[in-house]
Amino acid sequence: MKVAVTGKGGAGKSTISGALSRHLAAQGHEVVAVDGDPNPNLGISLGVARETVESMEPILNALIAVGHTHDDPAPDPEDLLARYGVAAPDGIVLVATGKIERPTDSCLCCGSHMTTRQFFGDLRADDGRIVIADLEAGLNDLLWADPDPDDVVLVVAEPSAKSVEIARRATSLAADLGVKRVLGVANRSAGDDDVARMSEAIGADVVVVPDDPAVEHADHLGRAPFDLDPTSPAMLAIAALATQLLDGA
Ligand SMILES: Nc1ncnc2c1ncn2[C@@H]1O[C@H](COP(=O)(O)OP(=O)(O)O)[C@@H](O)[C@H]1O
Ligand SMILES: [Mg+2]
């Protein structure tokens with residue numbers, strides 16, 4: 001199963017991707033967590049030490065460093081995972097697609113999208129492996145990631161009107177891409193109104209993740225919310241989301 005997590009910046013994509021990965025991995029599933037943000041920080045939400053996150057070599061940066069160009073044959077995704085993936089808790093392997101570091105001759109922006117597409121598209125997801133891609137904010141990366149009809153798109157929004165509007169567009173884009181399973185996540189919901197607005201935007205039921213001080217507290221400490229309290233309200237809601245994904249609902 002491959003899951004692309006999309007939504008506006010600050011919607012909670014990394015928080016949800018990280019906690020979802022942890023819940024699934026803690027149940028014994030093989031999980032590959034792909035950080036598609038050019039400012040990679042999914043590692044923090046997963047519970048990887050900050051120094052490890054900082055020292056990670058993203059795929060695109062590594063390929064540019066060895067002179068790889070678009071004209072060269074695409075590298076083997078399993079080889080890239082073995083080379084550039086780092087160990088995260090519960091056996092998760094974390095890999096970043098690209099990081100903006102300094103001006104370069106190559107098109108780092110487009111290159112990072114291209115890398116995400118190629119990696120997300122080509123990475124093996126059989127034998128029960130679950131690939132969770134925390135995409136760059138906005139819709140561009142979803143378009144580039146080009147999920148298959150059988151992949152899952154998780155559209156995350158917090159209650160602001162802008163976040164919900166981007167969720168509406170992401171849902172419509174995912175449908176245009178032919179994706180059959182699009183799940184909405186009403187994150188940081190504080191009441192029925194928030195949930196209703198998100199359901200209306202997504203056009204279907206949404207998974208509700210409550211606004212949870214424990215998540216914010218973990219963020220301040222630079223820790224994974226799952227490590228601080230796996231039974232906090234938001235973490236339990238994300239556990240239910242994991243079950244829903246596994247059940248194919
Ligand atoms: N359910 C929640 N309850 C409280 N705070 C949350 C919740 N989800 C996310 N946050 C906080 O919102 C901020 C943005 O979350 P993040 O996952 O980094 O968003 P994104 O990856 O979409 O930019 C972070 O400070 C995070 O701790
Ligand atoms: Mg993020």
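What's counted below: heavy atoms across the whole structure, side chains too, no hydrogens, waters or symmetry copies. No experiment lies behind these values; they were computed from the predicted model shown. Read the numbers this way: they start at 1 and go in the same order the structure lists the ligands and their atoms.
- Within the structure, the closest approach of Ala218 to ligand 1 does not fall below 4.0 Å when heavy atoms are considered.
- Sparse packing is recorded around CG of Asp193, with 12 or fewer heavy atoms of other residues, nucleotides or ligands lying under 6.0 Å away.
- Backbone and side-chain nitrogen or oxygen atoms of Pro210 are examined, and one is located within less than 3.5 angstrom of a nitrogen or oxygen of ligand 1.
- Residue contact annotation: Ala11 has a non-hydrogen atom under 4.0 Å from ligand 1.
- A distance-only check finds no donor-acceptor pair linking the side chain of Asn61 to the backbone of Gly98 [under 3.5 Å].
- With 2.8 Å as the limit, Ser14 counts as an N, O or S neighbour of the Mg ion (ligand 2).
- For the pair Leu173/Leu177, a side-chain contact is recorded, criterion being any heavy-atom separation below 4.5 Å from C-beta on.
- Atom 19 (O) of ligand 1 has as its closest protein heavy atom Gly12 N, 3.1 Å.
- Shown are Thr97, Asp35, Asp146; of these, the side-chain hydrogen bond (donor to acceptor under 3.5 Å, both in side chains) with Thr116 is made only by Thr97.
- Protein heavy atom closest to atom 8 (N) of ligand 1, with residue, atom name and distance, is Asn187 ND2, 2.9 Å.
- We find that Arg124 and Asp126 are joined by a salt bridge, their nearest charged nitrogen and carboxylate oxygen being less than 4.0 Å apart.
- The closest protein non-hydrogen atom to atom 24 (C) of ligand 1 is Asp219 OD2, 3.7 Å.
- The number of heavy-atom neighbours closer than 6.0 Å to CG of Asp176, taken from other residues, nucleotides and ligands shown, is above 12.
- Nearest-residue assignment for atom 12 (O) of ligand 1 (options Arg188, Glu216, His220; heavy-atom criterion): Arg188.
- Under a 4.0 angstrom heavy-atom cut-off, Gly10 registers as being in contact with ligand 1.
- Heavy atoms of Lys8 approach ligand 1 to within less than 4.0 angstrom.
- Atom 3 (N) of ligand 1 has Asp212 N, 2.8 Å as its closest protein atom, hydrogens excluded (heavy atom only).
- Salt bridge Glu136/Arg117: absent, no basic N to carboxylate O contact under 4.0 Å.
- Between Lys180 and Asp150 there is a salt bridge, since a side-chain N of the basic residue sits under 4.0 Å from a carboxylate O of the acidic one.
- Distance from atom 26 (C) of ligand 1 to its nearest protein heavy atom, with residue and atom name: Thr15 OG1, 3.9 Å.
- For atom 21 (O) of ligand 1, the choice among Ala190, Ser232, Ser14 with the nearest heavy atom turns out to be Ser14.
- Looking at Arg197 and Glu200, no side-chain N of the basic residue comes within less than 4.0 Å of a carboxylate O on the acidic one, giving no salt bridge.
- Near Asp211, with a cut-off below 4.0 Å to any heavy atom, the atoms of ligand 1 are 3 (N), 4 (C).
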